Student: 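What follows is a structure written as structure tokens; I'll ask about it next.
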Protein chains: 2
Amino acid sequence: MLDKLKAPTPMRIEFSTDEFKVALATSVVVFGFDGENLKILVANKIGQPFEGDSIIPSSIVRIEEDPAYVAKELLTRITGRNDGMLEKLNGFAEPFRNPVGRVVNIAYYCTIRLDETSENNLRKEGYLWVNAHEVPRLAYDHNKILEYAKERLKRRVKGRPIGFNLLPAEFTLNNIQKLYECALGKEFDKRNFRRKLLKSQLLIETERFVRSSERAKRPSRLYMFNEKEYRTLSLKGYDFIYQ
Amino acid sequence: MLDKLKAPTPMRIEFSTDEFKVALATSVVVFGFDGENLKILVANKIGQPFEGDSIIPSSIVRIEEDPAYVAKELLTRITGRNDGMLEKLNGFAEPFRNPVGRVVNIAYYCTIRLDETSENNLRKEGYLWVNAHEVPRLAYDHNKILEYAKERLKRRVKGRPIGFNLLPAEFTLNNIQKLYECALGKEFDKRNFRRKLLKSQLLIETERFVRSSERAKRPSRLYMFNEKEYRTLSLKGYDFIYQ
DNA sequence: ACAAAAGTGTTACACTTACACCCATGT
DNA sequence: ACATGGGTGTAAGTGTAACACTTTTGT
């Protein structure tokens with residue numbers, strides 16, 4: 001009685017057994033870049049619910065598992081590689097996001113490089129790339145998760161370098177500009193973009209050149225990332241807030 | 001069999017009943033500002049586990065409830081008001097964050113104004129304000145959630161206006177500068193700060209003045225927010241990236 | 001008159017933006 | 001020689017940063 005006067009409305013934080021009735025899942029928005037468009041990985045949803053829709057890579061998280069670990073495993077299985085960043089997006093916990101029952105989804109995103117090895121693995125696992133800005137209807141609230149991921153990628157591009165896991169080891173300035181334009185959804189002036197990027201010390205000029213297409217006559221110079229600087233700027237951030 | 005060749009390793013997304021064994025909670029990091037320091041609300045944790053530690057406002061989320069709604073209710077009960085923003089931070093889902101069982105926490109943050117009404121209510125509910133940068137040991141992973149919230153607040157301050165729910169209706173330029181300095185953890189040049197802020201059209205100059213302390217002789221001018229502009233800039237963002 | 005905090009302007013520099021032509025190469 | 005995309009420089013304007021003194025008021 002006296003206690004009640006002192007410690008008023010108690011916080012509702014004492015769990016009873018019938019509150020442990022939620023399930024956990026994780027989904028990963030996997031971004032790629034094919035030189036022209038930003039892509040994400042989807043598979044076809046098999047069986048109900050949402051049969052026929054697409055779905056982003058997802059997995060149950062069992063009662064004893066860490067969602068970050070499960071997401072990492074999922075990603076490794078899909079791409080056949082276990083490098084690359086994996087960043088937490090958010091938890092999605094609306095009551096009816098899954099018609100099967102109450103499921104909370106801890107969502108992640110990552111960027112991976114499109115190459116032969118992972119392409120083969122992806123096909124084997126039943127995934128395919130679709131343009132990140134022309135995505136079909138997705139199962140559950142995955143469209144919402146995707147929108148969230150795209151916003152996060154935008155913010156990321158503005159504040160830290162990007163591309164290390166999206167571009168090939170060597171790439172042209174036009175390649176990386178196109179990547180930035182896709183991610184941010186706007187176009188940049190070639191000269192200004194280059195000046196800004198080169199000033200950042202993020203790129204190393206190579207002595208190699210490629211032709212960007214059959215029609216292009218003059219080859220363009222290849223650059224690679226200055227990995228040390230890339231890492232530094234990834235940590236401390238830099239401004240690409242621009243136009 | 002044929003299907004297996006076509007649709008390879010299936011995604012683990014078929015839930016069985018024994019996967020619905022997780023509980024849901026929500027916590028809210030409540031920021032306030034007393035003119036000198038950024039504050040957060042804590043209460044004393046009653047009973048095991050973490051007896052004696054502090055705790056940020058938290059609640060169970062029952063199986064049918066929406067965490068956003070529960071958080072809003074919690075906040076209303078604590079502060080006695082139901083205005084003010086409430087923004088989702090993230091889901092915290094590490095396996096052992098709660099020793100009682102697997103609990104996923106959907107965390108939010110908000111900013112509220114320190115005034116008489118809410119002060120009385122807070123005392124009644126057993127909460128108190130502590131400096132956001134001198135917080136004692138908190139129960140569960142609440143210190144981690146708090147750090148996350150402080151980072152988010154920083155980002156928020158840099159990209160959108162802040163203060164509408166933290167400062168009194170009328171305040172001095174020194175007040176708002178101090179708030180920004182607390183939130184961002186750095187000091188600004190008075191002249192540059194004022195120029196920048198006044199240019200943004202965010203403030204309206206009043207004809208009223210206050211003395212900031214007994215020792216201060218000259219009174220300083222009071223300003224109020226231009227609510228329309230504040231809302232506009234809250235939506236579209238503006239740059240306060242600075243020094 | 002003095003003490004205390006409020007308030008105010010200028011300058012140098014760096015960055016952003018806008019803009020159009022020549023270059024290197026393959027066909 | 002021509003067609004194609006690659007590559008380059010400059011000038012005007014805007015924003016940032018650093019800096020110190022005058023003003024107003026209460027005691």
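Heavy-atom basis, side chains included; hydrogens, waters and symmetry copies ignored. Chain A is the first sequence line, chain B the second, and so forth, proteins listed ahead of strands; every chain is numbered from 1. As the structure is a prediction and not an experimental result, all values here were calculated from the model.
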Student: Measure from CZ on B:Phe188 to P on D:dC19 and round the result to the nearest Å.
Tutor: 17 Å
Student: If you compare all heavy atoms of A:Asn174 against all heavy atoms of A:Lys190, which two are closest, and at what distance to 0.1 Å?
Tutor: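 Closest approach of A:Asn174 to A:Lys190: OD1-CD, 4.0 Å.
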Student: So, does B:Tyr223 use its side chain to make a donor-acceptor pair with the main chain of B:Thr206 at under 3.5 Å?
Tutor: no
Student: Tabulated below should be each protein N or O lying under 3.5 Å from an N or O of nucleotides 5-11 of chain D; please produce it.
Tutor:
| unit_1 | atom_1 | unit_2 | atom_2 | d |
| --- | --- | --- | --- | --- |
| D:dG6 | OP1 | A:Asn174 | ND2 | 2.8 |
| D:dG6 | OP2 | A:Asn174 | ND2 | 3.3 |
| D:dG6 | N2 | A:Arg218 | NH1 | 3.4 |
| D:dG6 | N3 | A:Arg218 | NH1 | 3.1 |
| D:dG7 | OP1 | A:Arg221 | N | 2.7 |
| D:dG7 | N7 | A:Lys190 | NZ | 2.6 |
| D:dG7 | O6 | A:Lys190 | NZ | 3.4 |
| D:dG9 | O6 | A:Arg191 | NE | 3.4 |
| D:dT10 | O4 | A:Arg195 | NH1 | 3.3 |
| D:dT10 | O4 | A:Arg195 | NH2 | 3.3 |

Student: Using whole Å, report how far CZ of A:Phe193 lies from P of C:dC15.
Tutor: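 Rounded to whole Å, this separation is 17 Å.
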Student: Between B:Asn165 and B:Gly84, what is the shortest heavy-atom contact and its length?
Tutor: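 Smallest interatomic distance, heavy atoms only, reads OD1-CA, 4.2 Å.
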Student: Give a yes or no on whether a salt bridge exists between A:Glu94 and A:Arg97, defined as a side-chain N under 4.0 angstrom from a carboxylate O.
Tutor: no
Student: Using the rule given for salt bridge (Lys or Arg N to Asp or Glu O under 4.0 Å), can you reason through A:Arg208 versus A:Glu170, listing the C-alpha separation, both sets of side-chain angles and the distance that settles it, and then say yes or no?
Tutor: CA-CA 9 Å; A:Arg208 289 172 290 283; A:Glu170 302 194 335; 2.4 Å; yes
Student: Flag the pair B:Asp83 and B:Arg81 as a salt bridge only when some basic side-chain nitrogen lies within less than 4.0 angstrom of an acidic carboxylate oxygen.
Tutor: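 A salt bridge links B:Asp83 with B:Arg81.
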Student: Give the rounded distance in Å between these two atoms: CD of A:Glu214 and C1' of C:dT25.
Tutor: 13 Å
Student: When the distance from CG of B:Leu197 to C1' of D:dA17 is rounded to whole Å, what number comes out?
Tutor: 17 Å
Student: Are B:Lys196 and D:dG15 close enough that a side-chain N or O sits under 4.0 Å from OP1 or OP2?
Tutor: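 Looking at the OP1 and OP2 atoms of D:dG15, neither is under 4.0 Å from any side-chain N or O of B:Lys196.
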Student: Tell me the interatomic distance from A:Asp239, atom CG, to C:dT16, atom C1', rounded to whole angstroms.
Tutor: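 For the pair A:Asp239 CG and C:dT16 C1', the rounded distance is 13 Å.
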